Each structure stands twice: as structure tokens, then as C-alpha cells.
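Everything below concerns the one structure shown next.
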There are 2 protein chains.
Amino acid sequence: MQSSGVTGSIMFPIRYNLYPKLLPDFIFISETIVSEMALSLLLLMARLVEFNQQDAIRKAMEVFWKKGYNGASMRDLTDAMQINPSSLYNTIGDKRQLFIRCIDDYTQARAGALQTHASGFKSASKALISIINESVNSILYSSNSCLAIKTTFELAVTDKDVQAILKHESDLTYALFLSLVRRAIEEKEMPADTDAEMIADYILNAFTGWHQSYIVHQDAARVKKMAKFLIAQISS
Amino acid sequence: MQSSGVTGSIMFPIRYNLYPKLLPDFIFISETIVSEMALSLLLLMARLVEFNQQDAIRKAMEVFWKKGYNGASMRDLTDAMQINPSSLYNTIGDKRQLFIRCIDDYTQARAGALQTHASGFKSASKALISIINESVNSILYSSNSCLAIKTTFELAVTDKDVQAILKHESDLTYALFLSLVRRAIEEKEMPADTDAEMIADYILNAFTGWHQSYIVHQDAARVKKMAKFLIAQISS
DNA sequence: ATTATTCTGAAACGATCGTTTCAAATTTTG
DNA sequence: CAAAATTTGAAACGATCGTTTCAGAATAAT
């Protein structure tokens with residue numbers, strides 16, 4: 001299929017796989033008609049998809065969260081999503097595509113929640129401190145370790161698409177932290193000579209280590225102490 | 001099998017799975033004879049194990065390192081180790097046991113190398129700084145991300161044995177860092193009011209975040225800046 | 001009501017999973 | 001050298017892997 005050169009019409013090839021060749025090789029159809037055909041094709045849905053994709057994605061996400069990508073079987077996933085493999089493959093695609101949807105959903109939800117949380121504070125430094133404390137809470141009181149971190153070490157090293165999604169969320173969070181740090185400096189709640197970019201990065205990456213510490217040692221006090229130190233450090 | 005109560009002899013049960021019961025249910029054998037039997041059993045090796053277990057463990061470790069526990073198949077592992085599954089199961093055991101041997105070997109080698117590295121410095125603070133810089137190097141120039149971190153997020157959350165091994169290495173490293181920090185304080189290269197325990201933990205956990213940062217952003221400068229900041233921070 | 005179309009559920013696909021079996025090869029003991 | 005013991009290699013084990021097929025149910029247009 002390609003443009004005919006004549007404005008407003010599109011040239012379609014005609015294939016003769018069964019009947020003898022009685023028609024020309026090509027047919028020209030006006031763009032308006034093609035557009036209407038495409039629209040009617042979209043409207044003609046004999047049966048609506050029954051399951052809620054967003055809900056299903058969330059259910060799948062929790063399975064990946066607990067078991068990791070390689071640890072989760074399609075059986076685990078379709079059981080949790082309460083759909084048939086055929087429905088899954090007809091709508092979302094294969095295991096990898098499902099995972100990409102899950103990690104995408106997860107990171108977007110997190111980035112959105114973070115933005116909302118941060119906008120609830122007038123003081124930039126108080127917003128930062130609250131974010132750090134919230135991060136500690138989620139490390140200590142959430143049953144699963146962060147899906148983004150798990151995914152970084154399981155898949156992002158070898159899967160460039162996954163890495164790009166994680167990088168995108170990281171960039172957003174970094175940008176938010178950076179703007180907060182800059183505002184805090186302006187509001188004289190951080191030293192004027194602070195390297196804003198580096199500190200934003202530094203805060204962002206501290207969380208990962210605390211996560212690991214808590215998994216290995218199961219010691220809340222250790223994590224809380226480190227968070228307190230980081231807060232003191234950036235507030236001085 | 002249990003002690004007879006009579007000192008120096010052990011009571012063995014006798015099982016009659018084929019022949020009619022013509023003997024007593026138990027037989028008492030002196031400890032000396034049992035000990036000799038065990039020794040001769042050990043010496044009687046009709047054929048020696050051909051492959052070098054340590055080498056094979058190292059090969060397997062690299063596979064787990066690249067693919068993770070769930071991502072590595074027994075086929076991958078035996079191919080890399082260049083041994084037959086039967087040899088593997090006869091000597092080391094199943095997949096999980098093999099992995100435990102690998103992660104154990106890995107953490108012990110790391111802990112040992114760290115001790116050696118640290119002992120090469122007279123100044124405690126210089127040793128710490130060198131360790132931090134070495135860590136940055138391994139993050140930037142090693143093709144695989146740290147096996148201990150990968151394992152923490154893939155298995156340690158659910159597998160208590162794996163967690164214990166990781167905790168053991170972490171404890172050793174923590175103890176080393178702690179002694180270095182304390183010495184640095186004594187040598188007046190760190191502030192006298194430094195919380196040595198917390199700072200040791202803090203340094204230890206910073207590495208993990210840098211690892212994640214480099215996987216996601218592939219930006220060496222960012223990692224180097226954070227390391228420089230941490231060094232400046234503990235040196236002041 | 002009929003036709004056209006699409007989603008669903010059950011079953012099955014070949015491939016691979018981790019693991020086991022067993023005869024042959026190999027080595028030491030007596 | 002023969003007997004005893006154990007590792008090795010090839011093959012196969014049942015189970016599960018991710019994925020596909022397809023008849024039938026469901027729905028919309030004609």
C-alpha cells in the first residue's frame with residue numbers, strides 16, 4: 001500500500017491467491033473512504049474483552065514482585081490474573097510484554113505518587129525529609145522489596161528496554177529531587193555551596209543500600225540511623 | 001543407631017528386608033571398631049573424582065553471576081562446569097546446594113580479599129578511602145553486577161539459608177569497616193564525635209546504590225562524584 | 001434470525017526444566 | 001589378575017515451561 005501520487009487517494013495492491021486474475025493489479029481508493037473503513041473496523045467488535053486489563057496487570061505485578069521475572073511462571077501469572085493464557089496472549093502479549101507493562105505501570109504509579117507527596121509541602125527541605133522518611137517506612141513495613149530495584153539487578157543489566165523504563169523513572173525522581181534541593185538552597189535551608197545535582201543523586205541512591213541492609217539484617221534501627229544521618233547531613 | 005548406655009559400644013538396629021528373622025533386632029559394636037570401619041570406608045575409594053570441585057564451583061558461580069539463580073539452567077551450569085549432571089548430583093548435590101556453595105565461595109573470597117587489601121595500609125582512613133575507590137572501580141569496570149547484591153534481591157528475601165550467608169559476609173565487612181573507622185578516630189583523621197557503628201554501616205551500604213545507579217544510567221561520573229562526596233564527608 | 005466477528009476455556013504443543021537411572025569405564029584392594 | 005567399588009556418560013524420567021490451537025460461547029451488525 002502506498003500513496004498514488006494523485007492527492008487524496010491511496011493505491012492498494014490486489015492479491016489473487018484463489019481466483020483467476022480478472023481484476024487489475026491495483027485499486028485506488030480515496031483517503032476519506034479508507035479512513036471510514038478503518039473507523040468502522042475499529043467499531044465492529046463482535047465481543048468485548050471481559051477482563052479489566054488494568055486490574056489484571058496489577059495482579060501480575062504482585063506475582064513478579066514476589067517471585068521475580070524468572071521465578072514467576074505463566075501459570076502463576078494467569079492464576080493470579082484469573083484469565084486464560086489465550087486471553088492474555090490475545091491482548092497483552094507474551095511474558096516479557098506483560099512484564100514490561102507491569103514495570104511500566106509500577107514506575108509510573110510510583111513517580112506520580114511521589115510528585116503528589118512532594119507537592120503537599122511548602123518547604124522544599126521538609127518535602128525532602130518527608131520523602132526520605134517515607135522511603136524508610138516502605139522499606140521497613142512493605143512485605144516486598146522494591147520491584148524497581150529487584151528488576152535492576154535481575155533484568156536491566158541485559159535487557160535494554162527494561163533498563164530504559166527504569167532509567168526514565170529514575171530521571172523523573174532525580175529531576176524532582178534536584179528541584180527540591182535547589183529550592184531548599186534558595187530558601188537557605190541548605191548550604192549555598194551545595195552541589196545540587198550530586199546531592200539529588202546521592203539521596204536517590206541511598207535508599208537502595210538501606211533496602212539491602214534491611215533484607216540482610218532485618219534491623220530497623222540500623223536503617224533509621226542511616227536515614228537520620230543523611231537528613232542531618234543535607235540539612236546542615 | 002544410638003548409644004547403648006554401656007560405655008564404649010554403639011547399638012545398631014538390624015533390618016530384615018529379605019531373609020527370615022534369625023538374628024536379634026540389635027547388635028552392639030565397640031566404638032573402636034566402628035571408628036575403624038568408618039576410616040576404612042573412607043580409604044576405600046575405587047575411583048577418584050576426576051573433576052576439580054573448586055574449579056567447577058567457580059565456573060558455576062560465573063553462570064549464576066550472569067543469569068541469576070532462576071535464570072540459570074542445569075544445562076547452562078553443567079556445560080560451564082564441563083561435568084555430567086550425574087557427577088554433579090553425586091558430589092555437590094542439587095541446584096540449590098550448588099548455588100549455596102557458589103555464594104559461600106564468592107562471599108568468602110571477597111571477605112578475604114578485603115581483609116588483605118585493608119591490611120596493606122598503615123593509616124586506617126587511607127585504607128577506608130582505598131576500599132571505597134576500589135569499590136567504585138569494580139562497579140565501573142566489572143562486567144557483572146555484584147553477585148551478593150543480585151542474590152539479596154532475588155533470593156535472600158525468601159531463602160533464610162542464603163540470607164544467613166549474606167549476613168555473615170556483611171557482618172565481617174561491617175566489623176572490618178568499624179575497626180578502621182575507630183582507628184581513624186584514634187588517629188585523629190575522623191572527628192572525635194563520629195558515630196563509628198553508623199558510619200561503618202553507612203559506607204557499606206552506599207556501594208549498593210552506586211551499583212544500581214551505574215546499571216540504570218551507565219554514567220561513571222555520577223558514581224565517582226558520589227564516592228568523592230562520601231570520602232570528603234567521612235574525612236572532615 | 002442470520003451472518004460475521006471476536007473472546008474464552010480446555011487442551012495440547014514441542015521444548016526445556018531439574019533430576020535420576022544404569023551400564024560401562026575406571027581405579028584400588030586383595 | 002580378579003574382585004570390589006565408585007565415578008562417569010548417555011539416556012531418559014515426569015513435570016513444568018511458555019505458547020498456540022481451536023471449537024464453542026458471546027456479541028454486534030445486517
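So that the names make sense, note that chain A is the first sequence line, chain B the second, and so on, each numbered from 1. Computed from a predicted structure; not experimentally measured.
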Whole Å only: how far is the [atom1] atom of [X] from the [atom2] atom of [N]?
| X | N | atom1 | atom2 | result |
| --- | --- | --- | --- | --- |
| B:M74 | C:dT20 | CE | C1' | 12 Å |
| B:M81 | D:dT8 | CE | P | 11 Å |
| A:D79 | D:dC17 | CG | P | 10 Å |
| B:I83 | D:dT8 | CD1 | C1' | 10 Å |
| A:I92 | D:dT20 | CD1 | C1' | 17 Å |
| A:N52 | C:dT8 | CG | P | 12 Å |
| A:R75 | C:dC13 | CZ | P | 18 Å |
| A:L88 | C:dC7 | CG | P | 13 Å |

Does B:P85 or A:K95 map to a spot on DNA chain D nearer the 5' end, using the closest nucleotide for each?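 Here B:P85 is the residue nearer the 5' end.
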
Could you pick out which residue, A:N90 or A:Y69, lies toward the 5' side of DNA chain D when each is mapped onto its nearest nucleotide?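 It is A:Y69, whose closest nucleotide lies nearer the 5' terminus.
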
A:E62-A:N144 side chain donor-acceptor pair, cut-off 3.5 Å: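 Their side chains do not contain a donor-acceptor pair, so the 3.5 Å distance test is not met.
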
A cation-pi test, strictly: NZ or CZ of B:K95 under 6.0 Å from the centre of the six-membered ring of B:Y69 and no more than 45 degrees from its axis. Yes or no?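 Ring-cation test returns yes.
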
Counting only side-chain N and O atoms of B:Y89, is one of them less than 4.0 Å from OP1 or OP2 of C:dT19?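 Yes, such a contact exists.
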
Would one find a side-chain N or O of B:S73 under 4.0 angstrom from OP1 or OP2 of C:dT16?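 No, no such contact exists.
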
Choose from C:dC17, C:dT8, D:dG9 the nucleotide whose nearest atom is closest to any side-chain atom of B:N84.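 Among the listed nucleotides, the one closest to the side chain of B:N84 is D:dG9.
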
When we call it a touch if two heavy atoms are under 4.0 Å apart, what does A:S86 touch: a base, just sugar-phosphate, or nothing?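 Touches a base.
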
Does this structure show an ion pair linking B:D76 with B:K67, if we count only N-O contacts that are shorter than 4.0 Å?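 Yes.
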
When you check the gap from the basic side-chain N to the acidic O, do B:D171 and B:K167 get nearer than 4.0 Å?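 Yes.
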
Counting only heavy atoms not in B:H168, do more than 12 sit closer than 6.0 Å to its NE2 atom?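 Result for NE2/B:H168: open.
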
